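This report refers to the structure that appears directly beneath it.
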Amino acid sequence: MFTIGDFARYGRVSRRMLRHYDAIGLLRPDRTDPATGYRFYGAAQLARLNRIIALKDLGFTLQQVRDVLDERVGPEELRGMLRLRRAELAEAVAAATARLAQVEARLRSIESEGHMPADDVVIKTVPAVRVAELTGIAASYEPQDIGPVIGPLYEELFPLLEGAGVRPTGPGIAWYEDAPHGSPEGGGAIVVHAGVTVSAPVGPVGGTGVRVVELPPFEAATIVHRGAMDDVLPAAQTLARWLDGNGYRSTGYAREVNLECPADRSRWVTELQEPVAKA
C-alpha cells in the first residue's frame, strides 16, 4: 500500500488531484485510516489513474472519463484514441509539445501494464557521492512543473562550474524533496536539486550560488530508463509495482543519475535510484 504522497509520485499527479478524484468517486483509495483520515492506495490502482489522466488529456470532462471507464474501454481502443490526440497536438501550437509527451508517456505505461520483468529492478547500496548543485522550487512533482525548473538549473550550473575552475568527475545527479512546512496530505511543492559529481571541497563555490554537498549512502531499488525523461513514467511505475510485490516501501523520491546524455534525448540512459526499506 502507498500513502497518498507516494502514490502521487508514482502517478506523477498532485495530492490535491487525488483528493478531488476521491471526493467525486472517480478514484477511491483502497483504504482510509479511520483515525487520521490518511488515504492509502494499491499499486493496481495505477492502471485506473493512467486511464483517467490519458482520457482527461484527450479533452474529456471528468464525468465523460467516468462514463468511458464504466464501459471498460480496452487498451486497443484507448490506444487509438490517444494516437488521434497525438496527431491533433502535433498540429497545434508549440506550447502543446510538453502535453503531447505526457500523453505518449501515459500510452506507454498503459501498454506495459502486466509486464514487469523482475530482473529490471536491482536492490543495491548506493555509496556516498559529492556533488555540486543548484536548487529551485517546482509547484509539484508533475512533469510540466519539474521540466521548466530542472532544465534551466542545469543550463546555469555547468557554465558556473567552468568559470570557477571546478570540473565534473562523474555523472549528473538530480534529486527531489518536499518543500518545507508540508504534511503527508498537503502542500505539494518540490525542492529540485540539479547536481553533478565533483571532487571539490564541500561548501559554497565562490560567489556563484553553487554549493558542493556530500550525499550519504543509502539502500536503493534501481532501474535503468532509456529515453528522454519525458518518457520515464513506465520505468517509474514498473519500479513502484516491483516494490509493492516484493515487500519494500519507498522512503523518498528517486534520484536520477544521468549515465549517458547525448544531444539526442531519445538516446539518454538514466538510472532511477529509489531509497527503500523493508515494508
Side-chain angles (χ1 to χ4, degrees), residues 9 12 94-95 97-102 105 122 124-180 189-220 222-233 235-236 239 252-275:
R9 286 210 314 275
R12 298 299 174 96
T97 301
R99 193 177 203 184
L100 172 62
Q102 293 164 37
V122 176
K124 66 182 181 182
T125 298
V126 176
V129 61
R130 185 170 295 185
V131 298
E133 66 161 9
L134 287 174
T135 63
I137 300 292
S140 77
Y141 196 54
E142 296 181 52
Q144 64 265 32
D145 291 328
I146 294 294
V149 175
I150 198 167
L153 287 176
Y154 271 116
E155 290 173 3
E156 184 180 3
L157 176 63
F158 289 105
L160 288 173
L161 291 177
E162 184 178 0
V166 177
R167 298 183 62 181
T169 57
I173 301 176
W175 71 105
Y176 310 91
E177 58 185 337
D178 291 323
I190 299 295
V191 180
V192 178
H193 299 260
V196 65
T197 309
V198 296
S199 58
V202 170
V205 179
T208 62
V210 177
R211 188 170 187 85
V212 175
V213 297
E214 189 91 13
L215 300 181
F218 66 100
E219 185 177 26
T222 66
I223 190 169
V224 174
H225 166 65
R226 291 174 171 82
M229 290 306 292
D230 286 340
D231 302 329
V232 74
L233 188 63
L239 187 56
Y253 293 90
R255 283 187 193 173
E256 299 164 358
V257 181
N258 310 125
L259 303 179
E260 297 178 22
C261 296
D264 181 356
R265 296 191 177 206
S266 68
R267 299 176 62 190
W268 280 14
V269 179
T270 305
E271 183 178 65
L272 305 183
Q273 300 176 342
E274 179 124 5

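This structure is a prediction, so every number in the text was calculated from the model and none was measured. All values below come from the heavy atoms of this structure, side chains included, with hydrogens, waters and symmetry mates left out.
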Results of salt bridge (Lys or Arg N to Asp or Glu O under 4.0 Å) for Glu260 - residues two or more places apart only: none

Minimum heavy-atom distance between Val166 and Ala200, given as atom pair plus value: CG1-CB, 4.1 Å

Val198 and its side-chain contact (heavy atoms from CB on, under 4.5 Å) partner, picked from Val205, Val212, Val210, Val131: Val212

Gap between atom CG of Leu259 and atom CD of Glu271 - 0.5 Å precision: 6.0 Å

Taking every non-hydrogen atom, the tightest pair across Val191 and Ala179: CG2-CA, 3.8 Å

Leu153 CG to His193 NE2 distance, which is reported to the nearest 0.5 Å: 10.5 Å

Side chain to side chain contact (heavy atoms under 4.5 Å, CB included) between Trp175 and Gln273, intermediate numbers included: CA-CA 9 Å; Trp175 71 105; Gln273 300 176 342; over 6 Å; no

Thr197 (side chain) donor-acceptor with Pro171 (main chain) under 3.5 angstrom: yes

Side chain to side chain, Val232 and Arg12, heavy atoms closer than 4.5 Å: yes

Pair His225-Asp231, side chain to side chain contact (heavy atoms under 4.5 Å, CB included): steps then yes or no: CA-CA 9 Å; His225 166 65; Asp231 302 329; 4.3 Å; yes

Ala132 to Leu161 - nearest heavy-atom pair and separation: CB-CD2, 3.8 Å

Which atom of Arg130 lies closest to which atom of Pro201, heavy atoms considered: NH1-CA, 3.9 Å

Heavy-atom side-chain contact between Ile190 and Glu177 under 4.5 Å: no

Nearest atoms (heavy-atom pairs only) where Gly209 meets Leu134: O-CD2, 3.4 Å

Passing option when Tyr176 is tested against Arg255, Arg9, Glu256 for side chain to side chain donor-acceptor pair (under 3.5 Å): Glu256

Side chain to side chain, Val192 and Thr135, heavy atoms closer than 4.5 Å: no

Minimum-distance pair of heavy atoms, taken over all atoms of Gly172 and Tyr154: C-OH, 4.1 Å

